[in-house]
Every structure is written in C-alpha cells, then in structure tokens.
Number of protein chains: 2
Amino acid sequence: MSAIAAALGVSAATVSNALSGKGRVSPELIEKVRAKASELGYVPSLTARALRTGRTGVLGLVLPDIANPLFPQIAQAIENAASNAGYGVLIADSRGDIAAQTEAIGRLLERGVDGMVIVPRRGTRIADVGCPVAVIDTPSTPGNTVSADHWDGGSQMGRHLAELGHRKVLLIGTSASSNVQNDRIGGLKAGLGAQVECDTMWIEKVEAVSGEGCPLGLADKARLGFTAFAAVSDLSALRALTELQRAGIGVPETVSVTGFDDLIWSAVVTPALTTVRMDMATIADLAIAALIRAIEPEGEAENGAEEVSTGNVISETDRVPMQLIVRQSTAAPHAGRTPNLHAPTPNKPTAGEITS
Amino acid sequence: MSAIAAALGVSAATVSNALSGKGRVSPELIEKVRAKASELGYVPSLTARALRTGRTGVLGLVLPDIANPLFPQIAQAIENAASNAGYGVLIADSRGDIAAQTEAIGRLLERGVDGMVIVPRRGTRIADVGCPVAVIDTPSTPGNTVSADHWDGGSQMGRHLAELGHRKVLLIGTSASSNVQNDRIGGLKAGLGAQVECDTMWIEKVEAVSGEGCPLGLADKARLGFTAFAAVSDLSALRALTELQRAGIGVPETVSVTGFDDLIWSAVVTPALTTVRMDMATIADLAIAALIRAIEPEGEAENGAEEVSTGNVISETDRVPMQLIVRQSTAAPHAGRTPNLHAPTPNKPTAGEITS
DNA sequence: TATTCTTGCTTAAACGTTTAATCAGAGCAT
DNA sequence: ATGCTCTGATTAAACGTTTAAGCAAGAATA
C-alpha cells in the first residue's frame with residue numbers, strides 16, 4: 001500500500017481512503033489509485049486490517065460428530081454462504097464429548113473469529129461464548145437460530161405413505177434423545193393421521209440389548225403386518241432396506257422404506273430411496289445473514305449501542321421447509337401382485353413432487 | 001499484555017520474552033509473569049502476532065468435490081492433526097470446475113494461510129501457489145506428498161478374493177480418469193493373480209449410454225459366471241450390493257461384493273461390506289508434519305536459506321498402508337449350499353485381519 | 001472584504017505483538 | 001582501579017492497515 005502511495009506521490013492514508021471509499025478523495029485520484037493498485041498486484045493484508053479493526057473476517061464452524069454423513073452438505077453450504085459474504089470459515093470438530101465441544105469453541109475464540117455457526121451435540125445448550133453465535137438444530141430447541149423444519153418434513157412423508165394406502169407403519173429412529181429425530185417422528189405421526197397404526201423402534205435401545213450392528217428383526221415386523229418402514233435418517237433407511245432385501249422381502253412391492261436427508265447414496269441404491277431433503281443452502285444463507293447482521297455495525301445504530309451482541313443471534317425465519325423426494329422405494333402396499341424382481345419399478349412422477 | 005507489564009512494573013517486551021522463553025529473563029520473573037498472565041486471563045492476540053511475524057498459524061484445506069463421502073474422514077483427520085500442532089484450519093471448497101479450485105486457493109492465500117493441504121480434483125496439477133503445499137492424492141501422481149497406498153490396498157483385497165477361491169471377478173470403477181481408482185484396480189489385478197479372469201466396468205461409461213442411475217446389469221454378469229464384484233469405492237459397492245440383492249442374488253452365498261474406504265454405511269448394511277480402509281489419521285499427521293517442516297524455520301538452517309519454500313512439500317514416506325476389513329459380504333464361491341437367507345452369516349475372524 | 005463552509009488531502013496515532021539494539025550493573029581478570 | 005564479559009532488563013522500531021484530527025486553499029456566504 002505504501003508502494004502505491006509512493007508511486008503516486010500521495011500519503012498512505014489517502015490510498016486507504018480511496019480504496020475503501022470512506023474519506024473524501026477526488027474521483028480522479030480514486031481512479032488513479034485503483035489503476036496503480038491492480039498494476040502493482042496489490043492485495044490488502046487482512047491481518048493488518050484485522051489488527052486495526054478488531055474484526056478478522058473469519059467465522060467458525062463447530063460440528064458435532066464429524067463422522068456424520070450430513071457434514072459435507074453442511075460444510076459446503078456454510079462455506080459457500082460465508083465466502084459469498086466475504087468471510088472465511090475455520091472448522092472445529094467437537095468430536096468426542098461436550099468438553100471437546102467447549103474446547104473447540106475456545107480454540108476458535110482464540111483465533112479471533114467474528115462469530116460462529118454451531119451445530120450442537122445432542123442435548124447441548126450453548127452458553128454465551130463472547131461472540132455472536134448461530135445455532136442450527138431444530139425449531140423446537142430453545143436458542144435455535146435457523147434449521148430445517150423437520151416436523152414438516154416428517155409430516156410430508158407421513159402423508160405420502162398414508163396416501164399410498166399404508167395403514168401400519170414402523171417408525172425407526174436412532175436415539176430417543178435427539179430433538180431432530182423426535183421432531184421428525186412427531187411430524188410423521190401427524191402426517192400419517194390417526195387411522196394409521198404406528199410403532200416406534202429406537203435402534204440405540206435395540207443395540208443396547210443385542211449388540212452393535214445387530215439385525216433389527218424387520219422381517220418379523222413385516223410378517224406382523226407392517227407395510228412401511230419410515231426411518232428418520234437415510235443411514236437407518238439403508239440398514240432397513242438391505243436387511244429386508246437380504247431376508248427376501250421385496251421393496252417396494254411388499255413393503256416400503258423411506259429415509260431422511262437425501263444423503264449421497266439415496267439415489268444410487270436399488271431401489272432408490274424415497275426421502276426428504278433439507279435445503280441447506282437456504283439454511284446456511286439465513287444463518288450467515290443473521291450472524292453478519294450481529295457482527296457488522298448497522299447503519300442506523302448510531303444510538304449508542306455500538307457493541308456487538310454476544311449471544312445467540314436470531315433469524316427472520318427459524319425454519320425452512322423440507323422437500324419430499326419420491327423415488328422407487330415406496331409404493332402402495334399389496335402391490336406385489338405383479339412384482340418384477342429383476343428390474344426396479346419405473347419412475348412415476350407425481351405433480352408437485354421432486355422425482356429423480 | 002501491557003496490563004501484565006504494568007501490574008509487574010516491567011516492560012511489555014520483557015513480558016513477551018518471559019512468555020515465549022526467547023530472550024534473557026530471570027527464572028523468578030518468568031514465574032511471576034506466568035502467574036499474572038493466568039490471573040488476568042491473558043490470551044495473546046494471534047492477529048497481532050501474525051502481523052508481526054508474518055505467520056498466521058492457519059492452514060488451508062482445499063477439497064475437490066465436497067459431496068465426496070470421504071470428506072468427513074479427511075477433514076476430521078486434518079483438523080485434528082493441525083490443531084495438535086497449534087494450527088487452525090480454513091476450509092475452501094473447490095466445488096465445480098478447476099477454475100473454482102484456483103479461486104478457492106486464491107481466497108486462502110489472501111487470508112494469509114501459512115500452507116495448505118490440497119486433495120486435488122482429478123487430473124489437476126497444482127502450480128506453485130506461493131506457499132508450501134501438501135498434496136494428498138496417490139503415490140503414482142507426481143507431486144504427491146503423502147497418501148494411502150491404494151495399489152497395496154487393492155492387492156490385499158485381490159489376494160483375499162483369490163484365497164477364497166474366486167476365479168472370475170468383475171472390477172467396478174467410476175471414472176477411468178481417476179489416478180486413485182486406476183491404482184486400486186491395478187492392485188486388485190495384481191493381488192488376484194494371473195490365473196483369475198477379470199473384467200473392468202467403468203460406471204461413467206455405462207451411464208453415458210444408459211443414463212445416470214441406470215441399472216448396471218450385474219445380475220447378467222453373475223449369470224455369466226462372475227462370482228465376485230470388487231468395487232473401487234464403497235458407494236459403488238453399495239450400488240452393486242443392492243442391485244444384486246434386488247435381483248434375488250444372495251450375497252455372499254452366491255456372489256461376493258467388496259468396496260473401498262470403509263465409509264460410514266459399510267458396517268451397517270446387511271451383509272456388512274468387506275472393504276479396505278485408509279489410515280487417514282496417519283496420512284494427515286504426515287501431511288501436516290511435512291507442511292510444518294517447510295513453514296517453521298529449522299534450527300540448523302542458519303546458512304542463509306531462511307526463505308520458506310513455496311512448492312509442494314515432501315514427506316518421509318509418500319504412502320501409508322491400507323487395512324483390509326473382512327466382514328460378511330465376501331465368502332467362498334459356491335458356498336451357497338446351505339444359505340441361511342434370514343440371518344447374515346456369522347462373523348468368522350481371520351488372523352491378521354480386522355473384523356468388525 | 002472578511003468570515004465561514006467545503007473539499008481534498010496529510011499527519012499521526014493506534015491496534016498488540018516481536019525482536020534487534022541498547023544499556024546499566026555485576027562479576028572478574030588484569 | 002580499569003577494562004571486559006555476561007546477565008537481565010529496557011527502548012524503539014516494525015508489521016500494514018484504519019481513522020480521528022488537522023490543515024491549506026478555494027468556494028460560498030455575509
């Protein structure tokens with residue numbers, strides 16, 4: 001920067017003003033500075049700027065257990081939204097216990113992040129950490145900033161199954177202590193309606209008895225008359241699908257299987273999974289927007305309160321709708337009259353739904 | 001920091017020296033400074049330090065397509081290794097084309113990263129970007145810093161299948177232009193040996209003809225006498241497994257299916273996938289270590305060359321072994337005499353192999 | 001014509017470290 | 001006693017920005 005100033009015979013401050021458009025600089029000079037800057041390949045030192053302004057232009061991203069297959073979607077969406085807003089994203093993995101989460105948050109703070117996005121571990125409540133925080137969890141969690149409307153997604157899926165004619169469905173969750181999963185289950189029940197009989201299986205409980213990775217006994221459930229298995233995550237859906245197939249039960253002609261989240265494999269397995277997708281791009285945009293609103297001094301806020309608020313930020317809307325994606329793993333029950341075991345049932349698009 | 005100095009009646013420089021152990025400070029004073037520092041809850045400003053030293057303590061992580069399900073493993077391992085070494089990790093997603101990758105690298109440079117880890121897009125050669133770079137790709141790629149020994153992994157898997165008695169196996173890859181996949185395929189062929197007949201199917205080519213997500217026609221292949229399907233990624237293995245199951249072909253009693261990478265679902269599906277795992281923790285440690293060696297001024301290097309090298313760094317070893325994980329999706333061919341369709345074949349641990 | 005306002009720029013301080021250079025005093029040998 | 005070295009601290013500059021304050025000259029106002 002001083003090189004530009006010297007080359008043009010002006011002061012460094014003027015160059016700064018010219019480039020930022022802040023002070024009073026003549027239009028011609030601004031042009032000359034711009035030209036010289038790009039001529040010299042000038043890149044501002046964000047470090048120095050950070051030191052002076054106290055803002056680093058970096059956001060932190062804290063993720064619960066990183067093994068979570070949703071992670072790529074989240075990280076990508078957040079990184080994209082942040083980088084569009086001119087921010088960098090520092091990741092921190094709170095793998096392990098709550099202590100690790102706290103420690104990860106601490107590391108981010110030391111690095112001087114301007115704010116952070118936290119996808120909290122189950123049952124964690126984020127204390128005021130000293131910088132703006134956007135929490136992505138579920139609308140029913142207090143302190144939530146923005147998230148997918150898991151309940152709504154469940155209800156869409158429930159309606160889909162009810163409309164197909166299913167009257168006895170098994171809901172499959174992993175952990176009863178997850179807010180997200182409980183919301184999804186609640187939505188499913190509501191969507192299925194009162195006349196549909198349903199039962200809930202928590203995989204964690206089954207595994208506590210029979211060991212990790214044990215069979216879930218879904219074939220028996222099918223024999224008991226369950227015609228649909230609605231898992232609350234694609235991973236569980238995949239587990240259900242393969243277990244049923246292995247037991248010789250046809251999907252979807254004998255039973256239907258559905259998942260949640262539209263993870264990478266959902267479209268690839270046979271039959272492709274009917275699932276529900278969250279709009280992470282929108283969620284990330286809202287979270288980042290809320291964060292930035294808290295970070296950057298608002299034009300109007302000349303009335304004293306120039307302080308950056310340090311708690312959980314709030315968004316305009318706290319829930320964004322999910323999107324039902326109908327593929328080949330769902331069909332009407334008892335459709336097995338003419339099962340074609342060697343080719344998946346062809347795609348039957350339905351108005352208003354995404355089919356892929 | 002100046003608060004500490006004032007409280008103890010010494011200069012700020014002395015405090016700095018005391019805490020860093022650099023200059024000449026009396027042991028008692030060091031203790032007093034330490035005490036006062038923690039009493040006042042002093043946290044050094046990494047921003048200021050960065051400005052002064054020119055090093056930010058931040059590494060960049062550039063990932064090819066972030067939808068890649070391996071991403072969580074990589075990100076977790078890198079973040080862990082970096083944070084153990086006292087570095088933060090800034091992510092950059094080179095989603096999309098090569099231009100996006102270049103642009104992502106640029107953003108990281110602007111933010112002043114001290115070095116970066118790049119998992120390059122297929123066919124990309126990383127130009128000298130102006131900071132140390134660790135490339136994680138495959139040993140056969142020029143410029144590779146460290147990676148899993150994909151060829152060795154393939155060869156382990158090949159031997160496993162050959163020992164089980166398979167004599168005709170179909171190798172399944174996604175894209176013929178991937179170095180990683182070609183290495184894996186090469187290893188597989190070598191491990192299978194000359195007396196095993198094998199054919200290679202590239203999914204991209206099949207889909208170019210029949211459309212994305214089309215059936216791969218594996219049932220026909222089974223009828224042609226293939227008794228094993230060795231995919232070069234777990235995603236393809238999953239695709240193969242479900243397609244075969246759906247066609248009524250028993251895995252593993254009729255045909256075996258194997259994958260690569262031990263992704264999250266591999267242990268969860270029925271039958272659980274036999275696969276090969278890379279030791280990302282070690283790879284990440286080596287990559288970060290190599291990077292740091294290039295970044296931090298070596299004690300011996302008093303001989304002029306104090307410059308930080310700006311090219312691809314090299315590691316002590318460029319390949320770390322993969323680990324065969326035998327689960328239930330592989331068995332001897334024609335073992336279908338006594339198939340138990342309703343329960344997966346029980347785990348049969350083999351010496352020297354991991355079974356889970 | 002004298003005063004104030006506005007414009008366009010410069011000066012200087014500040015952000016919180018690190019580090020080279022300096023310096024006062026103590027111990028020691030001459 | 002005088003010069004030398006070693007120790008433990010201090011001073012001051014520097015990193016590259018931003019920004020409040022100052023200032024000279026021209027424009028507008030009285």
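Please read all numbers here as calculations on a predicted model, not as lab measurements. Note on naming: letters A, B, ... go to the chains in the order of the sequence lines (proteins, then strands), and numbering restarts at 1 for each one.
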Exercise. Does any N or O in the side chain of B/Thr138 come within less than 3.5 Å of the main-chain N or O of B/Asn179, such that one atom is a donor and the other an acceptor?
Worked result: no

Exercise. With no hydrogens and no angle check, is any side-chain donor or acceptor of B/Gln73 less than 3.5 Å from a backbone partner on B/Met280?
Worked result: no

Exercise. Checking A/Thr145 side chain against A/Val313 main chain: does a donor-acceptor pair fall under 3.5 Å?
Worked result: yes

Exercise. Is it true that the side chains of B/Thr141 and B/Asn144 contain a donor and an acceptor less than 3.5 Å apart?
Worked result: no

Exercise. Looking only at atom types and distance, does a side-chain atom of B/Asn312 sit under 3.5 Å from a main-chain N or O of B/Gly143, one as donor and one as acceptor?
Worked result: yes

For this session: For the pair A/Arg55 (side chain) and A/Glu296 (backbone), establish whether a donor and an acceptor sit closer than 3.5 Å, ignoring hydrogens and angles.
Result: no

For this session: Assign A/Gly112 to base, sugar-phosphate, or nothing according to its heavy-atom contacts below 4.0 angstrom with the strands shown.
Result: nothing

Problem set entry | Covered region of DNA chain C, 5' end to 3' end, by chain B [heavy atoms, under 4.0 Å] | C/dG16 to C/dT19

Exercise. For DNA chain D, which residues in residues 18-38 of chain A have a heavy atom at a distance below 4.0 Å?
Worked result: A/Lys22, A/Arg24

Problem set entry | Residue-level proximity of residues 39-54 of chain A to DNA chain C when a heavy atom falls under 4.0 Å | A/Leu51, A/Arg52

For this session: Looking only at non-hydrogen atoms, find the nearest pair between A/Thr310 and A/Gly130 and report the distance.
Result: CB-C, 3.8 Å

For this session: Check whether any side-chain N or O of B/Asp114 sits under 3.5 Å from a backbone N or O of B/Thr56 as a donor-acceptor pair, and report yes or no.
Result: yes

For this session: Would you mind checking if A/Arg107 and A/Glu110 are paired as a salt bridge, meaning a charged N to carboxylate O distance below 4.0 Å?
Result: no

For this session: Output yes when at least one side-chain N/O atom of B/Thr14 is less than 4.0 Å from OP1 or OP2 of D/dT10, else no.
Result: yes

For this session: Report yes or no: does B/Ser16 contribute a side-chain atom to a donor-acceptor pair with the main-chain N or O of B/Ala12 at less than 3.5 Å?
Result: no

